[in-house]
Amino acid sequence: MMKDDLPIIVKDDPNLLAQAAAVLFTDAAIEKVTVNNLFTVAISGGATPRAMYHLLTEEPFISRVPWDRTHFFWVDERLVPWNHPYSNYGSAEEYFIGKIPIPKSNVHPMPVDFSPETASKKYQDSLTTFFDLEKGKFPRLDLIILGMGKDGHTASLFPGQRALDERQQLVISVKGGNPFVDRLTMTFPVLNNAMEILLLVSGEDKADTLKAVLEDKQNALPAQRVRPTHGTLKWLMDRKAASGLSTH
Ligand code: 6PG
């Protein structure tokens, strides 16, 4: 089903949503490794992708994904120690990364033991080195997994913040969201430079926001600015999240 030019995939429940996301992840990984011998993916925190991450730690997925050629980056992070319950990396490590056969050197968490400015610069430098970027260029990740908050935020790009308009930096620090803490986030030029973006949305409490994001014409909400410049975007949602949409 397409809405304007946006591919929207609606699954009956959160389990089927996770299943579909795990299949898309696995297919992307196999395809990229076949072609480039490398699969680069940036993942988000939040609750929605957790079920997908869990499926990837089990058969049939765990044996199919070429983990040794997969590199993980983070879309955003809360500036708390990795063992803190708010940590996106910590939670991914506990439920996902720590349960798959991946070399440690393929895992690139955002640094948290620095000031917000230094930490964002360090992650930007890591991306620049890994992707061998010239000055002013943005990395082209194979896959970016995003979620959306009830306020329409995505990554740690919150409504009304200056960060939404960042055009030069790859990673910036912001304060906001729930929990209201210092965070690092990839910027829109990085997100929108991806080959493929998967935006996962689950639950009735997101239905109104999703309707506004997909059906209102103004670009006021951060999630409306997810528009890959030369890649693809898939909105993957469950029936409850889609319940406000006029054609679903
Ligand atoms: C974060 C997330 C954030 C998340 C949305 C949706 O670290 O806060 O990356 O952008 O994806 O808030 O979160 P839920 O999936 O929990 O609704």
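Whatever order the structure lists ligands and atoms in, that order sets their numbers, starting from 1.
Within the 4.0 Å heavy-atom cutoff, Arg78 counts among the residues contacting ligand 1. Under a 4.0 angstrom heavy-atom cut-off, Lys206 registers as being in contact with ligand 1. Taking a 4.0 Å cut-off on heavy atoms, Asp76 registers as neighbouring ligand 1. Between Arg183 and ligand 1 there is a heavy-atom distance shorter than 4.0 Å.
For Asp238 and Lys11, the salt-bridge test fails: no basic side-chain N is under 4.0 Å from an acidic carboxylate O. Remark: Glu77 does not engage Arg183 in a salt bridge, criterion side-chain N to carboxylate O under 4.0 Å. By the 4.0 Å N-to-carboxylate-O rule, Arg225 lies close enough to Asp165 to be salt-bridged with it.
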Under the side chain to side chain donor-acceptor pair (under 3.5 Å) rule, what do Thr129 and Ser126 come out as? Steps first, then yes or no, please. CA-CA 5 Å; Thr129 305; Ser126 307; over 6 Å; no
Could you list the donor-acceptor pairs under 3.5 angstrom formed between side-chain atoms of residues 13-20 and any protein atom two or more places apart in sequence or on another chain?
residue: Asp13; atom: OD1; partner: Asn15; partner atom: N; Å: 2.9
residue: Asp13; atom: OD1; partner: Leu16; partner atom: N; Å: 2.8

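Lys206 and Met148 get closest at one heavy-atom pair: NZ-O, 2.9 Å. Taking each heavy atom of Glu215 and Ser246 in turn, the nearest pair found is OE2-N, 2.8 Å.
The shortest contact between atom 15 (O) of ligand 1 and any protein heavy atom is with Thr48 OG1, 2.5 Å. Distance from atom 6 (C) of ligand 1 to its nearest protein heavy atom, with residue and atom name: Met148 O, 3.5 Å. Atom 13 (O) of ligand 1 has as its closest protein heavy atom Gly46 CA, 3.8 Å. Looking from atom 5 (C) of ligand 1 to the surrounding protein, the closest heavy atom is His153 NE2, 3.4 Å. Counting protein heavy atoms only, atom 11 (O) of ligand 1 is closest to Gly147 CA, 3.4 Å.
Considering backbone and side-chain atoms together, Thr154 places no N or O closer than 3.5 Å to any N or O of ligand 1. In terms of N/O distances under 3.5 Å, ligand 1 is approached by Ala155. At least one N or O atom of Ala47, backbone or side chain, sits closer than 3.5 Å to an N or O atom of ligand 1. By the 3.5 Å distance cut-off applied to N or O atoms, Ser156 is not counted among the residues near ligand 1. In terms of polar-atom proximity, defined here as any N/O pair under 3.5 Å, Pro49 makes no such contact with ligand 1.
Aromatic ring centres of Phe25 and Phe61: separated by at least 6.0 Å. Residues Phe73 and Phe130 bring their aromatic ring centres within 6.0 Å.
With no hydrogens or angles considered, no side-chain donor-acceptor pair links Thr185 and Asp76 at under 3.5 Å.
Neither the backbone nor the side chain of Leu200 comes within contact range of ligand 1; no heavy atom lies under 4.0 Å.
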